[in-house]
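Reading through the structure tokens given below for one structure.
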Number of protein chains: 2
Amino acid sequence: MSGVRSKGDQAETAADTGGDRRLRADAKRSIDALMQAAREVFASSGVDATVREIAERAGVGMGTLYRHFPQRADLITAVLHSEMDACSDAAATLAAKHPPFEALAAWMQRYADLVGTKRGLAKALNSGDPVFEGLLTRFEERLRPAVRPLFAAAIVAGEIEPDTDADEILCAVSSLCMSAYDAKPEHARRMVALFIDGLRRPVKGSSSH
Amino acid sequence: MSGVRSKGDQAETAADTGGDRRLRADAKRSIDALMQAAREVFASSGVDATVREIAERAGVGMGTLYRHFPQRADLITAVLHSEMDACSDAAATLAAKHPPFEALAAWMQRYADLVGTKRGLAKALNSGDPVFEGLLTRFEERLRPAVRPLFAAAIVAGEIEPDTDADEILCAVSSLCMSAYDAKPEHARRMVALFIDGLRRPVKGSSSH
DNA sequence: ACCTGAACACCGTTCAAGT
DNA sequence: ACCTGAACACCGTTCAAGT
């Protein structure tokens, strides 16, 4: 009986983002390759892509895929979680690199891409399978807190109206992309840009001569 | 070269309702059996039911199924068309048998059942496959005209407000059933009944003593 | 502990063979 | 002209065999 680390040892489904929980090196490599391959294949062939296609592209056998992702749905879930997290993380990065309004606008484009892509995937999600439990939850719980500071900064800088409702904007942008994104991604992006630009108002300090 | 009947000979997909367009007796029997079997199987096992299961229940071979319905989706479409038509036809029947308001209320229950059932099927429809072309069109174009007389009659009889919007009611009832029907059909029916009852107002003639 | 790939069960669809 | 059912291609998933 080695006393330390007694419970929480059975994390069957591969970790979400790139979780490295005491895996052997080859295992971690397999998981990374699979998720990368899934990302690419889902992007090019859509959600209906075959597990075989993914395994082949990742350069691993079928058994390896199923060892880390017991069901096809688990791979989809993992990929979506990872993409959502990446989008959330982009908020801080953009905030550090750009002035408030530009950061907000840039992140919205990032978000538009995510939703546009997710729509292809979401089709399978809305099928009601409980396998996809907590995906929308994560969507709301990680993305919203991430974007709030962007709005706050733009408001403090006086670049958008102080009563701008972040949730409303997020909702508008996503529904805007849901409908038309995969037909004309460029068109969707342009509409998002127009929409976000409409929020802008002249900065206080610079316009008073 | 037999001169008569030169064009329009290639009606591949089996007719919609029970279309008897110069089929041999056994062919018609097969089609009827298949549609009836599909109706039952879809109702009990959902839209994901197997073609094999349907063929077996209908007592025909796989080839027979595919002779009349070249794709699985064609069977679904045919069944839905048939159920929509049946629901439309029920309007006239009910109008003949009941007083205006009762006919309207009864038809709404019929409609609730259709939508509740259709929801299970519609899941597959919203997949975007162009195979299901024109299903919603038919839904709107046959059902709405069928129900309009029911509203008109109830309005003339003074049993509901004259400005009642039929489309609004249809929309409300269907969205009411979309969400909760297959979990609790009885509950959905009760809510529809309550809703429709709310439209009623005291009849002019009888309340003036 | 992890990987591989042939094998399994099952699906939609086809087609040679019958009447 | 219509029917039958074995056969095909393909899918998600499993498992004995390897290192």
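Below, chains carry the letters A, B, ... as their sequence lines are ordered, and counting in each starts from 1. For clarity, every value in this text was computed on a predicted model and none was experimentally measured.
- Applying the side-chain hydrogen bond (donor to acceptor under 3.5 Å, both in side chains) criterion to B/R148, with sequence neighbours excluded, gives no partner residue.
- When each of D/dC3, C/dC2, C/dT4 is scored by its nearest atom to the side-chain atoms of B/H68, the top-ranked nucleotide is D/dC3.
- Evaluation of the salt bridge (charged side-chain N to carboxylate O under 4.0 Å, His left out) rule for A/R57 yields A/E40 as partners, not counting sequence neighbours.
- Under the salt bridge (charged side-chain N to carboxylate O under 4.0 Å, His left out) criterion, A/D165 pairs with no residue, sequence neighbours left out.
- Taken together, the paired segments of DNA chain D that extend over three or more consecutive Watson-Crick or G-U pairs, each closer than 3.5 Å at both contacts, are C:4-8 with D:12-16, C:12-16 with D:4-8.
- Rounded to whole Å, atom C1' of C/dA1 lies 11 Å from atom CG of A/L23.
- Between A/S30 and the phosphate of C/dC2, there is no side-chain N or O to OP1/OP2 separation shorter than 4.0 Å.
- Note on B/R24: every side-chain N or O is 4.0 Å or more away from OP1 and OP2 of D/dC2.
- Spacing between atom CZ of B/R67 and atom P of D/dC2 amounts to 5 Å, rounded to whole angstrom units.
- For B/D26, the salt bridge (charged side-chain N to carboxylate O under 4.0 Å, His left out) criterion is met by B/R24, not counting sequence neighbours.
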Distances under 3.5 Å between nitrogen or oxygen atoms of protein and nucleotides 8-14 of chain C:
| unit_1 | atom_1 | unit_2 | atom_2 | d |
| --- | --- | --- | --- | --- |
| C/dG12 | OP1 | B/R72 | NE | 2.9 |
| C/dG12 | OP2 | B/V51 | N | 3.2 |
| C/dG12 | N7 | B/R52 | NH2 | 2.6 |
| C/dG12 | O6 | B/R52 | NH2 | 2.7 |
| C/dT13 | OP2 | B/Y66 | OH | 2.7 |
| C/dT13 | OP2 | B/R72 | N | 3.1 |
| C/dT13 | O5' | B/Y66 | OH | 3.4 |

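- For C/dC2, the OP1/OP2 oxygens have no side-chain nitrogen or oxygen of A/T64 closer than 4.0 Å.
- Taking the side-chain hydrogen bond (donor to acceptor under 3.5 Å, both in side chains) definition, one finds that A/Q109 meets it with nothing, sequence neighbours left out.
- Legend: residues meeting salt bridge (charged side-chain N to carboxylate O under 4.0 Å, His left out) with A/E102, ordered by chain and number and at least two apart, are A/R200.
- Atom CE of A/M62 has more than 12 heavy atoms from other residues, nucleotides or ligands within 6.0 Å.
- Sorted by first and then second residue, the pairs that involve residues 87-99 of chain A and meet salt bridge (charged side-chain N to carboxylate O under 4.0 Å, His left out), not counting sequence neighbours, are A/D89-A/R142.
- Atoms CD (B/E56) and P (D/dC3) sit 18 Å apart, rounded to a whole Å.
- Using a 4.0 Å cut-off between charged side-chain N and carboxylate O, B/R201 and B/E161 make a salt bridge.
- Whole-Å rounding puts the B/L65 CG to D/dC2 P distance at 15 Å.
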